Amino acid sequence: MGEMMREMGAPPRKELYPSLMALPSNLSPEQRNEFQQKAHERMTAGMGLLSEAVEALSKSNAGDDFFQEQALARARQGLLQFESGLAAQRAFTEEKTAGSVALGWFRRELDLAVPRAEEGPQTLLGLSWFHYATIAILASFAGSMIWISVQRANRAQALLRDLAFANQASPYAPAASRQAQAAGAPPAAADGPSPSAAVATPYKAVAATTLPAGRWSGQLRVARMFQETADVRTFRLAHPAEGDLPFVFQPGQFLTVSVVIEGREAKRSYSIASSPCCRSWCEITVKAAPHGLVSSFLHERVKVKDLIGASGPYGKFSFRGAEAPDIVLIAGGVGVTPLMSALRYLTDQSWAGEIFLIYACATMADVIYREELEYLIRRHPNLHVTTVLSDEPSAGWTGPRGNITKDLLIQAVPNLTARRVHLCGPPPMMEAVKAMLADLGVPSDQVKTETFLGAEPHPSVVAGAPVSGMQAAAAAVCTFIRSGKAAPLPSDKTILEASEDVGVNIDYSCRQGYCGVCKTKLVSGQVSMAVEDGLTPEDKASQIILACQAKSMADVAVEA
């Protein structure tokens with residue numbers, strides 16, 4: 001363009017609009033064509049600069065480069081080149097002289113009024129096609145900048161989510177553990193007798209975010225099933241529509257599973273055994289209890305891809321590593337499941353504290369997660385596992401035999417009295433171990449327990465089987481005020497079970513006194529409750545009881 005200007009006698013290095021002012025009005029056809037070609041090339045070059053600028057801005061955003069002044073300057077230069085080339089084209093296509101086009105540009109820049117006689121042909125809204133082209137270019141550029149800003153905001157939000165767990169990380173853990181470096185290994189094999197073939201496969205982990213104990217309810221899809229022992233099976237539950245779970249849980253919490261059996265809903269609570277680090281699924285491990293209504297249904301009738309109802313998570317039996325510098329986990333049988341969730345979580349985080357697991361089972365064949373525990377012991381020097389077997393027939397077993405004793409506790413856990421203890425298993429075993437810990441001098445506030453094996457409703461109870469006349473005569477009576485019904489209340493039956501006998505709807509979830517869903521007001525009489533964790537001090541002051549725990553030797557009335 002500059003060379004052509006000089007050929008026409010224009011001074012060198014002059015901008016386009018001043019050059020247009022100097023052009024003669026009687027250009028030859030050859031000069032006109034050559035000038036139009038140069039103007040077209042200037043427009044093309046301007047568009048090229050704009051495209052390069054947008055691409056540079058996109059790349060700098062993806063790389064978190066916030067120094068984008070060069071790209072912005074290139075965009076402005078491209079826009080000026082395009083506009084000047086377009087103005088030059090107008091000098092010929094609209095049959096105007098170059099000087100009149102340049103004069104119009106100067107008037108616009110200086111905000112001078114344009115005489116009506118000199119205004120060009122107008123279109124919709126009084127704008128020419130030149131204005132529309134310029135507006136389109138500017139709109140495209142503005143849209144690109146808005147898109148870049150939105151992407152940058154999304155990246156910032158993702159970064160904040162990834163860093164959220166850092167504020168809750170254990171003060172006893174090293175810096176590396178606060179970065180959620182996961183190396184867990186849950187079973188990943190297809191349905192079969194043992195998950196050991198896939199134990200060494202790490203699974204994806206992300207930073208776990210703590211949310212309040214849940215009131216989520218909905219459906220989960222059975223993604224996989226693993227046969228842990230002859231009568232214990234693990235169910236991996238996922239979101240029905242893929243993606244992350246619709247809730248966040250803490251290690252040691254539980255879900256309440258809801259199934260429909262013979263037209264009636266039945267619920268049972270099961271501890272979550274998997275680590276919260278895996279957000280796309282969770283696992284419950286279920287033992288097929290004799291006459292167990294829900295556990296038998298899960299073992300015998302549920303298949304992969306089935307949907308089951310669930311609610312939660314519930315419970316306060318949790319350990320994340322911030323509560324103490326080390327942890328002692330004592331489990332009996334299938335009571336290992338909530339403790340396994342904590343163990344998996346701590347090893348996922350490469351937690352630096354000492355982890356002691358004392359696990360009591362009947363035989364080696366009853367040891368749940370045996371292959372995975374062996375694998376985790378090899379990978380984590382701070383994990384110490386002691387297994388004690390009460391009925392192992394094989395002479396090849398050289399480990400401890402019998403039940404957990406004080407001597408075993410002392411040998412397995414050095415300096416036991418200074419450590420935090422989490423205990424879960426059958427009630428008789430838990431009571432015995434709590435007494436041993438007290439005798440050894442372990443402070444009671446350092447011992448956290450969860451009654452894992454609550455009584456699963458027998459089919460006759462859930463079905464509302466009638467009570468015999470002799471039993472009814474000897475039992476107290478529970479009156480349900482709002483429903484206008486009454487039911488026999490034997491001393492070994494809870495108010496919730498009595499309500500089911502006569503069709504009174506008291507909502508419930510865990511049936512173990514933890515979740516508080518079955519709260520109801522005691523109108524008259526007195527009750528005893530083995531577990532009251534689901535009640536607040538305000539509840540107790542207001543005569544609120546847990547129907548799943550409340551029993552009585554005399555007549556009572558409740559507001560249900």
Side-chain angles (χ1 to χ4, degrees), residues 165 180-191 194-196 198-211 213-214 216 220-229 232-240 242-257 269-287 298 302 304 308 310-315 317-321 329 331 334-351 355 357 359 368-373 375-376 379-380 383 422 424 450 452:
F165 178 68
Q181 298 173 347
D191 298 350
S194 173
S196 59
V199 165
T201 303
Y203 59 93
K204 178 182 178 183
V206 298
T209 304
T210 303
L211 294 181
W216 173 87
L220 296 175
R221 174 174 53 87
V222 179
R224 301 291 295 275
M225 296 191 301
F226 310 103
Q227 196 70 36
E228 306 287 359
T229 67
V232 176
R233 182 174 295 178
T234 292
F235 298 83
R236 179 173 294 180
L237 308 177
H239 195 292
E242 306 296 340
D244 287 350
L245 289 169
F247 55 85
V248 177
F249 63 93
Q250 297 187 44
Q253 290 189 303
F254 60 89
L255 291 177
T256 296
V257 172
S269 296
Y270 298 102
S271 293
I272 301 173
S274 55
S275 167
C277 289
C278 184
R279 287 289 299 114
S280 58
W281 45 261
C282 68
E283 292 180 342
I284 58 173
T285 300
V286 180
K287 181 176 182 178
L298 293 175
V302 169
V304 172
I308 62 173
S311 64
Y314 303 105
F317 186 65
S318 181
F319 184 80
R320 298 178 63 92
L329 308 173
V334 76
V336 74
T337 54
L339 305 181
M340 194 66 183
S341 178
L343 191 154
R344 283 168 166 166
Y345 174 77
L346 296 174
T347 54
D348 280 352
Q349 304 299 318
S350 298
W351 190 59
I355 307 170
L357 172 63
Y359 189 11
I368 307 170
Y369 315 125
R370 183 181 64 183
E371 295 88 351
E372 183 179 353
L373 287 171
Y375 164 78
L376 291 174
R379 291 183 65 92
H380 300 277
L383 173 59
H422 278 222
C424 185
E450 175 151 283
F452 181 77

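Since we're looking at a predicted model, the values are computed, not measured.
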Asker: To the nearest 0.5 Å, what is the distance between OG1 (Thr337) and CD (Glu450)?
Answerer: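 Answer for the OG1-CD pair, Thr337 versus Glu450, is 8.5 Å.
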Asker: Any idea which heavy atoms bring Trp281 and Ser274 closest together, and the distance?
Answerer: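 Taking every non-hydrogen atom into account, CZ3-CB, 3.8 Å.
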Asker: Under the rule for side chain to side chain contact (heavy atoms under 4.5 Å, CB included), what residues qualify as partners of Ala342, not counting sequence neighbours?
Answerer: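 In terms of side chain to side chain contact (heavy atoms under 4.5 Å, CB included), with neighbours along the sequence ignored, Ala342 is linked to Pro251.
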Asker: Of all the heavy-atom pairs spanning Pro246 and Leu220, show the shortest one and how long it is.
Answerer: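 Nearest heavy atoms, Pro246 then Leu220: CD-CD2, 4.1 Å.
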Asker: So how far is it from Ile355 CD1 to His380 NE2, rounded to the nearest 0.5 Å?
Answerer: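 So the CD1 of Ile355 and the NE2 of His380 are separated by 8.0 Å.
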Asker: Taking the side chain as every heavy atom from C-beta outward, state whether Gln253 and Phe247 have any pair of such atoms under 4.5 Å apart.
Answerer: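 No, too far: nothing below the 4.5 Å cut-off.
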Asker: Identify the two heavy atoms, one from Ser275 and one from Arg344, that lie closest to each other, and give their separation to 0.1 Å.
Answerer: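 In this case the closest contact between Ser275 and Arg344 is CB-CB, 3.9 Å.
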Asker: Hey, does His239 have a side-chain heavy atom less than 4.5 Å from the side chain of Asp244?
Answerer: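 SC-SC contact between Asp244 and His239 ruled out.
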Asker: How close do Pro338 and Gly335 get, heavy atom to heavy atom, and via which atoms?
Answerer: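 Of all heavy-atom pairs spanning Pro338 and Gly335, the closest is CD-O, 3.3 Å.
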Asker: Listed by chain and number, what are the side-chain hydrogen bond (donor to acceptor under 3.5 Å, both in side chains) partners of Thr234, not counting sequence neighbours?
Answerer: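 Testing Thr234 for side-chain hydrogen bond (donor to acceptor under 3.5 Å, both in side chains), a comparison that skips the adjacent residues, returns Glu228, Thr285.
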Asker: Apply ring pair (Phe, Tyr, Trp, His ring centres under 6.0 Å) to Phe235 and list each qualifying residue two or more places apart in sequence or on a separate chain.
Answerer: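 Residues passing ring pair (Phe, Tyr, Trp, His ring centres under 6.0 Å) with Phe235: none at all.
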Asker: State, to 0.1 Å, how close Thr256 and Ser269 come at their nearest heavy-atom pair, and which atoms those are.
Answerer: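 Here Thr256 and Ser269 meet closest at OG1-OG, 2.9 Å.
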Asker: Hey, does Leu373 have a side-chain heavy atom less than 4.5 Å from the side chain of Met340?
Answerer: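 Side-chain contact under 4.5 Å: yes.
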Asker: Considering residues at least two apart in sequence or located in another chain, which fulfil the ring pair (Phe, Tyr, Trp, His ring centres under 6.0 Å) criterion with Phe254?
Answerer: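 Phe254: ring pair (Phe, Tyr, Trp, His ring centres under 6.0 Å) contacts with Tyr314.
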Asker: State, with a plain yes or no, whether a side-chain heavy atom of Gln349 is found less than 4.5 Å away from one of Cys277.
Answerer: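 Result yes, sub-4.5 Å side-chain heavy-atom pair found.
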Asker: Can you measure from OH (Tyr369) to OH (Tyr359) and round to the nearest 0.5 angstrom?
Answerer: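 It is 7.5 Å, given to the nearest 0.5 Å.
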Asker: Tell me every residue that passes side chain to side chain contact (heavy atoms under 4.5 Å, CB included) with Arg221, counting only those two or more places apart in sequence or in another chain.
Answerer: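 Counting only residues at least two positions away or on another chain, Arg221 forms a side chain to side chain contact (heavy atoms under 4.5 Å, CB included) with Ala223, Ala238, Glu242, Leu307.
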Asker: Run the numbers on Thr229 and Lys287 for side chain to side chain contact (heavy atoms under 4.5 Å, CB included), then give the verdict.
Answerer: CA-CA 9 Å; Thr229 67; Lys287 181 176 182 178; over 6 Å; no
Asker: Would you indicate whether the side-chain heavy atoms of Val222 and Leu237 approach each other to under 4.5 Å?
Answerer: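 Counting from C-beta outward, Leu237 and Val222 do come under 4.5 Å.
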Asker: Using the side-chain hydrogen bond (donor to acceptor under 3.5 Å, both in side chains) criterion, which residues pair with Arg233? Sequence neighbours excluded.
Answerer: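 side-chain hydrogen bond (donor to acceptor under 3.5 Å, both in side chains) check on Arg233 returns Gln227.
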Asker: Are side-chain heavy atoms of Ser341 and Pro276 found at a separation under 4.5 Å?
Answerer: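 The answer is yes, as the side chains (C-beta and beyond) meet within the 4.5 Å cut-off.
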Asker: Would you indicate whether the side-chain heavy atoms of Leu339 and Phe317 approach each other to under 4.5 Å?
Answerer: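 With C-beta onward as the side chain, the pair touches.
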Asker: SG of Cys278 to CG of Leu245: how many Å apart, nearest 0.5 Å?
Answerer: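 Reported to 0.5 Å precision, the distance equals 7.5 Å.
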Asker: So Tyr270 and Leu298, do their side chains get closer than 4.5 Å, heavy atoms only?
Answerer: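 Side chain of Leu298 against side chain of Tyr270, heavy atoms only: contact under 4.5 Å found.
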Asker: To the closest 0.5 Å, what do you measure between CG (Leu255) and OG (Ser311)?
Answerer: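 Reported to 0.5 Å precision, the distance equals 7.5 Å.
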Asker: Output the distance between atom CH2 (Trp216) and atom CZ (Phe249), rounded to the nearest 0.5 Å.
Answerer: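 Separation between the atoms: 12.0 Å.
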Asker: Could you pull out the closest heavy-atom pair between Val257 and Ile308, with the gap in Å?
Answerer: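 Residues Val257 and Ile308, closest heavy atoms: CG1-CD1, 4.1 Å.
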